[in-house]
Amino acid sequence: MQAKQGQLPILTPIRGIAALIVAFFHARLILFPQWKEAIAGVTQFLENGYLWVDIFFMLSGFVMMHVYQPAFANGSNLPRWRAFLWLRFSRIYPLFFITFTVLFLWEYYKSQHQIGFYGGALFEAWGASGIPPFAGPFNRTEAILPNLLLLNGITSQPLSWNIAGWSLSIEWLCYLVFPLLVLAMRPSAKRSAWVPFAVFMTVGTLVYLKGNLDITATYQAFLRGLCGFSFGMWLCRIQISVRAKHWMNQDILLVVLIAALMTVLHFSTTDSTTMITYVLFALLVLAGAHQIQRPSVMQSVLDNRITQYLGDISYSIYLWHTVILLAGVEIIHHINPDWTTWWYAQTDGPTLIMGILAFTVLLLAVSAMSYHLIERPVMKWLRRLGGTQRAIQVSQM
């Protein structure tokens, strides 16, 4: 497929696929908990779905370096830094704020009608049902301000409101230090080899301390995100020779990388397999960014109109899936509790497949409307308002 000018091949589809995996990672707890153990008994792929957030950070760092590095290569100043932050703010904040507002309004409605929290059968089993509005487990009053300020990812509070939003908080903090990171990596990738060393030391320490990389709060969440973001930036600095690029543009490389990822994520993660997954993500980003247009089965599968569009709407997928899951299940339960009672009693395969299809269709439909009616128009309006409209048509991360 012909890429748009300035676009990085395959990275956009990768982001779309990753967004769907994260969506199903959360759906297994709220929408499909009755099948959770059965699926985990066959494969741990969904249980390990949280790791795909790390490829988001890598992709973001790579794209930011690819697009903005020339603007900061010789230093920064306040107007340039401010313009950069406005461009990024106009990209990530409006939709985040809208999804937060939807959840807030639903929580307010619950408070006016004495509706307690309902998150499905698994949360009931955990004793987390019936919690009063604005008291938890996610939509808490004390978490409102940190969310609005995009500080929700570094507080000591657990996940709150739009539970996917913690990573946006970390992403925003990475944007704040991006000019400094560009200067730190101004030498060649070889001369800044301390970056991957520092990244692997830090990530390895986090995994060792936590037992996994599912870290979504405090300074450790910031370190997790900063590592992926910085690593992605460093990957962008690697100069690929013509010979190496020719070798990278073989289907066999993509097949091996994807097969290796599927194999590692099929099993329960350990410290070592988590680090292997991290390396495989990095290699997939690097290889994907250096693909050139050619007759290829893998490119046809990974980079086509459908996967490109999936990547385009991936940000909406990422933010709306939690709203659909958290508010959607509560609304259905409020309208008719018998429906949710019936649903969570189902355990057969065909019902699971129909449920997955229904959730996927609804999520994609909402995300597509959000992308065209909210996400893109508001971003363009804010950029015009801020006087920073720029024709940047890379991955809309």
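Predicted model only: the values in this text are computed from it and were never measured. Residue numbers run from 1 in the order of the sequence given.
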Has the side chain of R237 got a donor or acceptor atom that lies under 3.5 Å from a matching backbone atom of R186?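 Yes: the side chain of R237 pairs with the backbone of R186.
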
Using a 4.5 Å cut-off on heavy atoms from C-beta on, say whether the side chain of [Y] contacts that of [X].
| X | Y | value |
| --- | --- | --- |
| C174 | F57 | no |
| T269 | Q44 | no |
| Y315 | R91 | yes |
| Y344 | V329 | yes |

Non-neighbouring partners of [X] that pass side-chain hydrogen bond (donor to acceptor under 3.5 Å, both in side chains), sequence neighbours left out:
| X | result |
| --- | --- |
| T340 | H333 |
| T141 | none |
| K210 | N212 |

Can you confirm whether or not the ring centre of F281 sits under 6.0 Å from the ring centre of W52?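 Under 6.0 Å, so yes.
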
Around atom CD of Q239, are there more than 12 heavy atoms from other residues, nucleotides or ligands closer than 6.0 Å?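 Open: at most 12 neighbouring heavy atoms sit under 6.0 Å from CD of Q239.
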
Under 6.0 Å from the NE2 atom of H372, do we count more than 12 heavy atoms belonging to anything else shown?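 For H372, atom NE2 is crowded (more than 12 foreign heavy atoms under 6.0 Å).
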
Just say parallel, tilted or perpendicular for the rings of F84 and F178, cut-offs at 30° and 60°.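 Ring orientation of F84 relative to F178: parallel.
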
Report the relative orientation of the aromatic rings in F134 and W161; use parallel for angles under 30°, tilted for 30 to 60°, perpendicular for over 60°.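 The rings of F134 and W161 sit tilted, inter-plane angle from 30° to 60°.
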
For M369, which residues count as a side-chain contact (heavy atoms from CB on, under 4.5 Å) partner, sequence neighbours excluded?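 So M369 forms a side-chain contact (heavy atoms from CB on, under 4.5 Å) with L373.
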
Counterpart residues, side-chain contact (heavy atoms from CB on, under 4.5 Å), relative to S300 (two or more places apart):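 Scan of S300 (side-chain contact (heavy atoms from CB on, under 4.5 Å), adjacent residues dropped) gives none.
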
Audit row: W234, S192, side-chain contact (heavy atoms from CB on, under 4.5 Å) steps and yes/no: CA-CA 8 Å; W234 182 81; S192 57; 3.4 Å; yes

Please name all residues satisfying salt bridge (Lys or Arg N to Asp or Glu O under 4.0 Å) with D251, sequence neighbours left out, ordered by chain then number.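 D251 satisfies salt bridge (Lys or Arg N to Asp or Glu O under 4.0 Å) with R294 once adjacent residues are dropped.
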
Run the side-chain donor-acceptor check on residues 355-368: report pairs under 3.5 Å with partners two or more places apart or on a different chain.
unit_1: T360; atom_1: OG1; unit_2: I356; atom_2: O; d: 2.7
unit_1: S367; atom_1: OG; unit_2: I317; atom_2: N; d: 3.4
unit_1: S367; atom_1: OG; unit_2: L363; atom_2: O; d: 2.7

Which residue pairs satisfy the side-chain hydrogen bond (donor to acceptor under 3.5 Å, both in side chains) criterion with at least one member in residues 117-135, sequence neighbours excluded?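 Applying side-chain hydrogen bond (donor to acceptor under 3.5 Å, both in side chains) to every pair that reaches into residues 117-135, excluding sequence neighbours, yields nothing.
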
Connected hydrophobic set around [X], excluding itself, where side chains approach under 4.5 Å:
| X | result |
| --- | --- |
| V256 | I252 |
| M201 | F197 |
| I335 | W106, Y109, I115, I331, I332, W339 |

Which pairs pass salt bridge (Lys or Arg N to Asp or Glu O under 4.0 Å) with one or both residues in residues 351-373, sequence neighbours excluded?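 Those involving residues 351-373 do not exist here.
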
